[in-house]
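It should be emphasised that the depicted structure is a prediction, and the values quoted were computed from it without experimental measurement.
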Amino acid sequence: MTVKRYQKLTGLLLMAATLLVGFQSPANGETAGEKATWVWQTELIEDGGERLLNFAHDEGMNLIYLQINRDLPKETYERFIRNAHGKQIAVHALGGDPGWALPEHRDRMLGLADWVMDYNAGVPAEGRFDGIHLDIEPYVLPQWETEQDKVISSWESNLKEFLGKTSGTGLELGIDIPFWFDHITLANGGSLNEWLISVFDHVTVLAYRNVADSEHGIIHLSQNELELADKLGKKVLIAVNTKEMPGEAHTTFYGQGKERMNQTLEQLSGSLSSHPSFAGLAVHDFRNWENMPVNSGGDGTPPAGETPGPVPEPEPGTDGPVPDAAPVTRDPVVRGTYIWEANELIQNSREILEFAKEKKLNWLYVRLDLQQPFSAYMSFVKQASAAGIEVHAMGGHPIWALQENRGKMMKLVNYVKDYNRSVQGDERFHGIHLDIEPYVLPEWKADSQRVISEWTANLDAFVSELKKDSKLQASMDMAVWLDKYTVPGQDLSLSKWMIQRMDHVSLMAFRDKADGSNGIAHVAKEEIAFADELGKPLLFSVEMKESHEGSHITFYEEGSAYMEEELAKLPVLLKDSPSFTGSLVHAYEYWKNAKP
């Protein structure tokens with residue numbers, strides 16, 4: 001690929017040579033055009049990126065999608081990009097999160113664009129990024145299941161604003177797309193994939209399969225995208241996967257060895273070269289690619305005498321008791337927060353743990369992406385345990401209250417139990433926390449008692465399944481006003497039923513003062529009484545997110561220092577309530593950016 005703004009002639013000559021003869025390396029055979037990878041571990045460039053760039057050279061790579069960590073000094077990026085350009089490797093700034101498809105997270109995507117443009121304006125040409133690459137997968141959002149059209153519409157709007165901001169900058173703009181987006185239409189009736197291909201300089205098609213030529217192989221699955229790009233005069237990279245995918249081995253080359261993958265890449269390069277749009281290949285991702293053995297022993301293990309790749313995780317257990325998590329030495333008063341973005345947890349664990357240390361946290365609810373292998377969470381949980389932090393897996397969606405969606409809840413239960421069976425004590429989750437708020441559903445307005453009946457039945461099934469063979473804690477978020485409802489068929493407050501059924505609840509006492517007639521302690525008085533009576537722990541959650549329900553709901557306007565002052569009053573105000581166990585701030589992403 002041409003490295004923009006410097007050594008232009010050399011880059012063009014390199015491209016011409018590449019198209020004629022392909023890149024050669026001892027391990028990878030021949031491919032044509034670009035060869036890219038994703039680098040999610042930005043710390044790899046802190047020493048100039050020698051290890052990464054040597055690997056890139058050995059594998060014939062000429063394009064790196066580099067995750068941006070804005071906490072790193074700009075000098076670190078400049079040094080790495082200079083080194084990469086010296087080896088004729090282009091560098092695109094990588095960013096993305098499923099939430100970037102939603103209106104409330106648009107500024108995060110635009111912030112990446114602003115950062116890259118500001119950075120490029122402040123460094124010499126040879127140290128500049130060549131492009132921006134987006135990895136946004138909104139189909140993993142809970143909203144995708146219930147409001148797909150709305151999510152797609154907001155994503156389209158966000159991308160248009162991003163493209164408007166970055167057009168004319170000289171940056172090459174790329175985006176990841178799955179092969180199956182051609183079946184999804186926009187509001188105007190057009191294909192989502194066709195629109196994405198038409199507005200970006202290139203797309204990288206996530207054609208995650210491990211065979212090239214079959215009915216469900218890479219060539220067949222990417223055919224529509226290549227034909228669209230041919231028609232539109234745009235570039236397409238075809239991507240394969242090297243990451244472990246439990247239960248989906250057909251989607252990855254994990255365990256099969258570099259030699260077999262490279263043979264498949266050579267086959268792809270030859271077969272797809274008839275498409276003018278075919279620009280090359282991409283391998284997801286650097287870390288897993290680097291750890292692949294050269295050859296596979298047939299069962300995913302390297303032959304005797306060969307340096308092994310990553311140690312495979314144990315197969316998930318299907319029965320038997322779930323071993324306990326190792327105890328965490330922490331203050332008995334809980335102080336915690338919520339991590340809603342699983343991607344954030346996986347990619348920015350160090351930043352989260354540093355924040356937890358700064359804020360003296362000892363408790364985290366973390367939302368899980370169940371498509372991730374167990375290894376995605378092991379290191380974080382282990383480091384958190386060593387830092388005196390209990391980690392509870394989190395999941396939920398309003399529709400989880402409905403009987404028809406009970407299976408989604410059980411999928412989380414089974415994942416966490418299998419995970420805990422497969423890892424060491426200090427890598428295990430301590431519980432599962434649910435955030436289910438069905439009162440936002442149309443069904444609640446139509447018949448709240450029916451929804452409550454299905455909700456309580458689902459929660460009962462959740463606790464029964466969780467406790468059947470484990471000591472994992474069952475917990476949930478609960479609105480302070482649910483005490484106004486009763487459990488169908490019982491003369492019992494819904495709040496009391498929930499407190500009784502769970503090991504603990506986190507009460508969403510969203511107010512911006514501790515005391516007074518509309519303060520945290522007062523609005524929670526019924527729940528406090530229930531918890532005291534039942535001998536159950538009660539945590540108090542407060543809000544740091546901007547709210548349109550009124551400024552009294554959140555500490556957004558006042559900031560973190562004022563919030564800390566109010567939270568410090570709770571132990572005194574609730575000194576006669578044995579149920580009071582601590583407080584949580586909703587949520588990490590808002591708290592870290594809060595006013596001082």
Side-chain angles (χ1 to χ4, degrees), residues 1-2 4 11 15-16 18-20 22-23 28 30-38 60-65 89-92 94 96 130-137 139 155-156 159 162-163 166 171-184 186 190-214 216-242 251 253 261 264-285:
M1 174 178 180
T2 303
K4 291 184 176 65
M15 176 62 77
T18 298
L19 292 172
L20 287 171
F23 281 91
N28 77 343
E30 292 190 4
T31 62
E34 295 174 358
K35 192 170 186 184
T37 196
W38 292 256
M61 196 192 310
N62 56 359
L63 174 58
I64 290 173
Y65 303 140
I89 298 171
V91 183
H92 291 198
L94 169 64
D130 302 287
I132 300 178
H133 192 81
L134 298 180
D135 180 81
I136 303 171
E137 302 177 26
Y139 40 87
W155 187 25
E156 182 183 6
L159 289 176
F162 168 83
L163 291 164
T166 52
L171 290 161
E172 178 164 346
L173 305 176
I175 191 168
D176 294 332
I177 60 173
F179 63 83
W180 49 267
F181 263 9
D182 45 11
H183 300 300
I184 296 177
L186 299 171
S191 156
L192 174 58
N193 258 4
E194 184 168 7
W195 180 75
L196 290 168
I197 292 168
S198 71
V199 296
F200 280 87
D201 296 318
H202 80 262
V203 298
T204 303
V205 178
L206 308 180
Y208 287 176
R209 293 294 185 270
N210 56 21
V211 293
D213 194 8
S214 74
H216 300 289
I218 298 166
I219 295 172
H220 177 75
L221 294 178
S222 56
Q223 194 67 30
N224 288 346
E225 287 69 34
L226 288 162
E227 290 175 358
L228 282 171
D230 288 348
K231 180 179 72 173
L232 295 166
K234 291 300 182 79
K235 297 194 307 180
V236 172
L237 274 69
I238 302 300
V240 299
N241 193 20
T242 60
T251 67
F253 285 94
M261 182 181 75
T264 305
L265 295 181
E266 290 175 27
Q267 184 181 355
L268 287 173
S269 186
S271 298
L272 300 178
S273 61
S274 60
H275 289 277
S277 62
F278 176 62
L281 303 164
V283 179
H284 186 272
D285 59 1

Tell me which donor-acceptor pairs under 3.5 Å the side chains of residues 204-212 have, and how far apart each pair is, sequence neighbours excluded?
unit_1, atom_1, unit_2, atom_2, d
T204, OG1, Y65, OH, 2.9
N210, ND2, A249, O, 3.0
N210, ND2, T252, O, 3.1

Without swapping roles, check the side chain of [X] against the backbone of [Y] for a donor-acceptor pair under 3.5 Å.
| X | Y | answer |
| --- | --- | --- |
| T242 | H284 | yes |
| D201 | G174 | no |
| S198 | W195 | yes |

Heavy atoms only: give me the nearest [X]-[Y] pair and the separation to one decimal.
| X | Y | answer |
| --- | --- | --- |
| H216 | L221 | O-CD1, 3.5 Å |
| H220 | S214 | CB-O, 3.7 Å |
| I136 | W155 | CG2-NE1, 3.7 Å |
| L265 | L281 | O-CD1, 3.6 Å |
| Y139 | P178 | CE2-CG, 3.8 Å |
| A239 | W38 | CB-CH2, 3.6 Å |

For this session: Apply side chain to side chain donor-acceptor pair (under 3.5 Å) to E172 and H92, showing your working.
Result: CA-CA 8 Å; E172 178 164 346; H92 291 198; 4.5 Å; no
Would you say [X] and [Y] make side-chain contact, with heavy atoms under 4.5 Å?
| X | Y | result |
| --- | --- | --- |
| L237 | L63 | yes |
| V240 | T264 | no |
| V236 | K234 | no |
| L159 | V199 | no |

Please set out all donor-acceptor pairs under 3.5 angstrom arising from side-chain atoms of residues 225-233, sequence neighbours excluded.
unit_1, atom_1, unit_2, atom_2, d
E225, OE2, N193, ND2, 2.7
E227, OE2, Q223, NE2, 3.4
D230, OD1, S277, N, 2.9
D230, OD1, S277, OG, 2.7
D230, OD2, H275, ND1, 2.7
K231, NZ, E194, OE2, 3.0

Exercise. Should the pair F162 and F200 be assigned to parallel (<30°), tilted (30 to 60°) or perpendicular (>60°) ring geometry?
Worked result: parallel
Supply the atom-to-atom distance [X] [atom1] to [Y] [atom2], rounded to the nearest 0.5 angstrom.
| X | Y | atom1 | atom2 | result |
| --- | --- | --- | --- | --- |
| D182 | L192 | CG | CG | 9.5 Å |
| D176 | L134 | CG | CG | 8.5 Å |
| I89 | E34 | CD1 | CD | 12.5 Å |
| N224 | S191 | CG | OG | 8.5 Å |

For this session: Among V203, I132, I197, D135, find the one that has a side chain to side chain contact (heavy atoms under 4.5 Å, CB included) with I175.
Result: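 Output: one option passes, namely V203.
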